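The structure presented is a predicted model; accordingly, all values stated were derived computationally and were not measured.
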Amino acid sequence: MTCKIGIIIGTGPSLSVEQIDSAKKAQKAGKAKLFGANRAFEFDLDVLAATNKEFWDYYWPQLKDLRCDKWTPYKPSADKYNINYIRERNAPGLSTNLTYIHHHHGSGPIILNIALHYGIKTMLLIGWDMRFPQSGNRHYFGEYPKPMQHHTKNIGPNGEILGLIREMETINPDDYGIKITNCTPGSALTHFPMGDLNDYL
């Protein structure tokens with residue numbers, strides 16, 4: 001039977017050990033699949049997506065033996081490392097066409113679209129802060145190495161990543177017969193209902 005719950009792991013600084021432990025227990029019990037982008041690969045994902053070639057080149061020694069399905073919309077990296085390639089388009093919402101995704105200029109929306117393609121009906125978001133803190137680390141793992149650092153200019157007064165939030169607001173889960181719940185405490189992404197991860201597992 002196909003697992004219909006997907007825990008979509010971001011790498012925001014609010015991510016907690018408790019949430020990761022709950023996600024892993026659900027994964028081990030066959031209740032959920034773990035999806036994530038970029039450095040979320042460190043959580044033994046079922047499905048990983050990353051866009052830029054710098055990520056694949058830098059982390060490939062750590063990635064090459066991982067069991068997760070690996071996806072990228074960047075064909076040169078797909079060819080170089082023999083990983084899954086999917087085309088991308090700049091369009092609102094999510095693509096229901098299995099041959100491409102809507103990228104929204106971010107790895108988070110990309111992994112959401114891939115989860116939809118995997119048949120996930122309930123998506124639970126953790127580590128999706130969608131804001132940079134006023135002090136401290138921008139990411140759970142600390143800052144990325146220099147080749148992968150990019151600093152968004154469109155930032156709100158409390159660190160909100162405004163451009164990407166607006167992109168996410170074009171996604172209406174009812175259009176796809178799915179539910180998306182943001183289980184990230186303090187997230188700036190309020191377009192989806194908020195909840196507690198353990199309540200859904």
Side-chain angles (χ1 to χ4, degrees), residues 6-15 20 23 33-91 94-95 99-118 125-133 135-156 159-168 170-171 184 187-189:
I7 301 174
I8 318 296
I9 305 176
T11 57
S14 72
L15 195 62
I20 292 300
K33 287 187 178 295
L34 304 189
F35 293 76
N38 302 324
R39 279 192 70 182
F41 74 80
E42 298 193 26
F43 298 125
D44 187 28
L45 301 174
D46 296 292
V47 184
L48 167 71
T51 58
N52 60 59
K53 77 180 192 67
E54 290 84 5
F55 172 86
W56 294 107
D57 292 343
Y58 188 93
Y59 287 108
W60 188 247
Q62 295 169 256
L63 296 168
K64 61 186 178 66
D65 295 324
L66 296 183
R67 65 175 188 85
C68 59
D69 295 344
K70 304 171 185 71
W71 289 89
T72 183
Y74 186 66
K75 195 164 192 314
S77 292
D79 292 341
K80 182 177 182 180
Y81 297 115
N82 192 30
I83 56 181
N84 296 302
Y85 167 70
I86 189 161
R87 294 181 298 127
E88 61 180 347
R89 293 185 180 180
N90 184 17
L94 299 173
S95 167
T99 67
Y100 62 86
I101 53 172
H102 296 169
H103 63 72
H104 295 283
H105 309 286
S107 55
I110 285 174
I111 194 62
L112 279 182
N113 208 150
I114 289 174
L116 179 68
H117 287 349
Y118 271 75
L125 313 183
I126 59 174
W128 282 62
D129 294 56
M130 300 295 279
R131 76 168 81 241
F132 294 138
S135 61
N137 290 331
R138 298 194 310 155
H139 304 285
Y140 177 82
F141 294 106
E143 188 52 89
Y144 279 90
K146 282 197 173 182
M148 278 154 287
Q149 290 181 18
H150 56 279
H151 296 273
T152 305
K153 294 180 180 178
N154 194 4
I155 299 295
E160 303 93 339
I161 307 173
L162 297 176
L164 190 53
I165 289 171
R166 281 197 289 268
E167 292 283 340
M168 295 294 294
T170 72
I171 299 172
T184 306
S187 176
L189 178 64

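Between Tyr58 and Asn52 there is no side-chain heavy-atom pair separated by less than 4.5 Å. Within the 4.5 Å cutoff, no side-chain heavy atoms of Tyr74 are placed close to those of Phe55. Counting heavy atoms from C-beta outward, Leu189 and Leu125 have side chains that approach closer than 4.5 Å. At a threshold of 4.5 Å between non-hydrogen side-chain atoms, the residues His104 and Asn90 do not count as touching. Side-chain contact between Phe43 and Ile7: absent, with no pair of heavy atoms (C-beta onward) separated by less than 4.5 Å. In this structure, the side chains of Val47 and Ile114 come closer than 4.5 Å at one or more pairs of heavy atoms. Between Pro109 and Leu164, the closest side-chain pair of non-hydrogen atoms falls below 4.5 Å.
Minimum heavy-atom separation, Ala49 to Ile111: CB-CD1, 3.7 Å. Heavy-atom minimum distance, Asp46 versus Lys33: OD2-CA, 3.3 Å.
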Lys53/Lys80 under side chain to side chain contact (heavy atoms under 4.5 Å, CB included): CA gap, chis, key distance, verdict: CA-CA 10 Å; Lys53 77 180 192 67; Lys80 182 177 182 180; over 6 Å; no
Check against side chain to side chain contact (heavy atoms under 4.5 Å, CB included), Lys70 and Trp56: CA-CA 10 Å; Lys70 304 171 185 71; Trp56 294 107; 3.9 Å; yes
Chi angles and distances behind the side chain to side chain contact (heavy atoms under 4.5 Å, CB included) call for Leu112, Met168: CA-CA 10 Å; Leu112 279 182; Met168 295 294 294; 3.4 Å; yes
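A side chain to side chain donor-acceptor pair (under 3.5 Å) with Ser107 is found for one member of Asn38, Thr72, Thr11 and no other, namely Asn38. Exactly one residue among Arg89, Glu88, His117, Arg87 makes a side chain to side chain donor-acceptor pair (under 3.5 Å) with Tyr100. That residue is Arg89.
Going from atom CZ of Phe35 over to atom CD1 of Ile9 covers 10.5 Å, rounded to the nearest 0.5 Å. Summarising the geometry, atom OH belonging to Tyr59 is positioned 13.0 Å from atom CG belonging to Leu66; distances are rounded to the nearest 0.5 Å. Here CZ of Arg131 is found 10.5 Å from CD1 of Ile155. Values are rounded to the nearest 0.5 Å. In this structure, His102 NE2 and Asn113 CG are separated by 6.5 Å, a value rounded to the nearest 0.5 Å. Note that CD1 of Ile161 and CH2 of Trp128 are 10.5 Å apart. Values are rounded to the nearest 0.5 Å. Here the CG atom belonging to Leu48 is positioned 10.5 Å from the CG atom belonging to Asn84, to the nearest 0.5 angstrom.
Taking the ring axis of Tyr85 as reference, the NZ or CZ atom of Lys75 stays within 45° of it and closer than 6.0 Å to the ring centre.
Checking Asp69 against Tyr118 by side-chain atom types alone, a donor-acceptor pair falls below 3.5 Å. Counted by atom type alone, Asp129 and Ser14 present one or more donor-acceptor pairs between their side chains at under 3.5 Å.
Under the ring pair (Phe, Tyr, Trp, His ring centres under 6.0 Å) criterion, His103 pairs with His105, not counting sequence neighbours.
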